[in-house]
Amino acid sequence: MPRIDASAKRETHRRLLEAAASHFARRGLERANLDEVVRAAGVAKGTLYNYFSSKEELFFAVIEEGARRAAERYAQVQDQGTTRDRLLALAEADVSVLREEEQFMRVVVREAMSFQPATYPRIVEHLSPYLTRVERVIADGVENEELRSDVPTVQLALLFVGTLTMLYVQHWGSDGAWPSLDEVPALAVTTFVDGARRRTA
């Protein structure tokens, strides 16, 4: 049997994630059907299990891919300026990925906000490529005395991502009336930074 080279494996992995994102966007996690995913990806069902052990693992992998893309887009911009500037760049990177996978992101937000004990911690875990970037910028903001130091940076990072998420919900809930996706980054950063700013005596 011929060996599959690394580039072919990467391509198969990419096709599975792309097909899964589209399928989860239409069906949600609970009603998703892996047979439909593999058909859309053009692979055998057995091939899928070479990459992902279950429907849930595939779902979390799509989340992680989106988080990785947002983190990479942020890394492509000049990482300097104030904490506010850097958080704005992070928020803009997240919105740019959301625009490409908006229906899937609706599913992710719905799953996260429904708070299933088995699902929510895994969602947070697979957001780590993006959350780690956010936490690093916040830690610099604390060190530079731009942000408060009485709350752990990981909690502040979750608060920032939560602010973005609630603005997405408001955007979808208002059918785009307010805020627009263009407005979300600045709103999230202003809300977060003004709330987390270092307190002076």
Side-chain angles (χ1 to χ4, degrees), residues 1-76 90-135 154 157-158 161-162 164-169 171-173 175-176 181 184:
M1 179 183 294
R3 294 183 61 184
I4 300 174
D5 65 23
S7 63
K9 288 181 179 179
R10 285 193 299 271
E11 174 61 16
T12 300
H13 187 265
R14 183 197 65 76
R15 284 162 51 197
L16 283 168
L17 290 179
E18 188 175 276
S22 177
H23 182 73
F24 285 127
R26 294 192 311 273
R27 302 288 296 273
L29 175 58
E30 187 175 336
R31 296 190 302 115
N33 183 309
L34 291 181
D35 290 334
E36 294 181 23
V37 173
V38 295
R39 276 198 298 272
V43 302
K45 192 168 185 180
T47 300
L48 182 144
Y49 289 112
N50 290 331
Y51 295 84
F52 308 104
S53 62
S54 66
K55 175 174 71 174
E56 289 74 17
E57 289 303 316
L58 179 57
F59 179 70
F60 296 134
V62 177
I63 294 173
E64 187 166 350
E65 173 66 11
R68 183 192 60 76
R69 283 163 50 199
E72 286 182 352
R73 287 181 191 184
Y74 170 73
Q76 290 168 4
L90 277 162
E92 288 172 344
D94 196 59
V95 168
S96 75
V97 173
L98 179 137
R99 287 182 188 277
E100 297 168 0
E101 300 286 355
E102 190 164 354
Q103 294 306 310
F104 174 73
M105 288 305 298
R106 287 181 184 238
V107 175
V108 174
V109 169
R110 184 168 69 241
E111 292 292 334
M113 296 192 73
S114 68
F115 188 70
Q116 300 298 320
T119 305
Y120 176 76
R122 300 293 306 280
I123 291 175
V124 172
E125 174 191 346
H126 286 82
L127 287 173
S128 64
Y130 184 75
L131 272 170
T132 300
R133 287 276 185 178
V134 173
E135 187 178 359
V154 65
L158 287 168
V161 172
L164 273 174
T165 301
M166 288 307 301
L167 287 168
Y168 296 152
V169 171
H171 168 74
W172 294 325
D175 200 24
L181 286 179
V184 164

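This chain uses plain numbering: 1 for the first residue, then up along the sequence.
Heavy atoms only, all atoms of each residue included: Asn33 and Asp35 are closest at OD1-N, 2.8 Å. Of all heavy-atom pairs spanning Ala21 and Val62, the tightest one is CB-CG1, 3.7 Å. Contact record, Val38 with Ala44: CG1-O, 4.1 Å, taken as the closest heavy-atom pair. Between Pro129 and Ala71, the closest heavy-atom pair is O-CB, 3.4 Å. Here the shortest heavy-atom pairing between Pro117 and Pro121 reads O-CD, 3.2 Å. The two residues Ala93 and Tyr74 come nearest to each other via the heavy atoms CB-N, 3.9 Å.
In this view, Asp175 satisfies the salt bridge (charged side-chain N to carboxylate O under 4.0 Å, His left out) rule with no residue, not counting sequence neighbours. When the side chain to side chain donor-acceptor pair (under 3.5 Å) test is applied to Ser53, no partner is found at least two apart in sequence or on another chain. Every residue meeting the side chain to side chain donor-acceptor pair (under 3.5 Å) condition with Arg14, not counting sequence neighbours, appears here in chain and number order: Glu11, Glu18. Residues passing the side chain to side chain donor-acceptor pair (under 3.5 Å) test with Glu92, sequence neighbours excluded: none. Partners of Glu72 under the side chain to side chain contact (heavy atoms under 4.5 Å, CB included) rule, at least two apart in sequence or in another chain, are Arg68. Residues passing the ring-ring contact (aromatic ring centres under 6.0 Å, His included) test with His126 are Phe60, sequence neighbours excluded. Residues passing the side chain to side chain contact (heavy atoms under 4.5 Å, CB included) test with Thr132 are Ser128, Arg136, sequence neighbours excluded. For Ser96, the side chain to side chain donor-acceptor pair (under 3.5 Å) test picks out Arg73, with sequence neighbours left out.
Annotation: the span from Leu98 atom CG to His171 atom NE2 amounts to 7.5 Å, rounded to 0.5 Å. In this structure, OH in Tyr120 is found 10.0 Å from CE in Met113, a value given to the nearest 0.5 Å. Ile123 CD1 to Ile63 CD1: the interatomic distance, rounded to the nearest 0.5 Å, is 4.5 Å.
Listed by first then second residue, pairs satisfying salt bridge (Lys or Arg N to Asp or Glu O under 4.0 Å) with a partner in residues 20-33 read Arg27-Glu36, not counting sequence neighbours. The stretch residues 17-49 participates, sequence neighbours left out, in these ring pair (Phe, Tyr, Trp, His ring centres under 6.0 Å) pairs: Phe24-Phe59. The list of salt bridge (Lys or Arg N to Asp or Glu O under 4.0 Å) pairs with a residue in residues 113-131, not counting sequence neighbours, reads Glu57-Arg122, Arg122-Glu125.
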Going through the distances and angles, do Tyr168 and Asp94 end up as a side chain to side chain contact (heavy atoms under 4.5 Å, CB included)? CA-CA 11 Å; Tyr168 296 152; Asp94 196 59; 2.6 Å; yes
For a side chain to side chain contact (heavy atoms under 4.5 Å, CB included) check, start with the C-alpha distance between Tyr51 and Leu58, then their side-chain angles and the critical distance, and finish with the verdict. CA-CA 8 Å; Tyr51 295 84; Leu58 179 57; over 6 Å; no
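In this structure, the side chains of Leu158 and Val124 come closer than 4.5 Å at one or more pairs of heavy atoms. Side-chain contact between Phe52 and Val37: absent, with no pair of heavy atoms (C-beta onward) separated by less than 4.5 Å.
When atom types are taken as modelled, the side chain of Ser22 and the backbone of Ala19 share no donor-acceptor pair closer than 3.5 angstrom. Side-chain N or O atoms of Lys55 include one that pairs as donor or acceptor with a backbone N or O of Leu29 at under 3.5 Å. For the pair Arg15 (side chain) and Gly42 (backbone), a donor-acceptor distance under 3.5 Å is present.
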List the atom pairs, donor and acceptor, that lie under 3.5 Å between side-chain atoms in residues 101-109 and the rest of the protein, sequence neighbours left out.
from   : atom 1 : to     : atom 2 : distance (Å)
Glu102 : OE2    : Trp172 : NE1    : 2.7

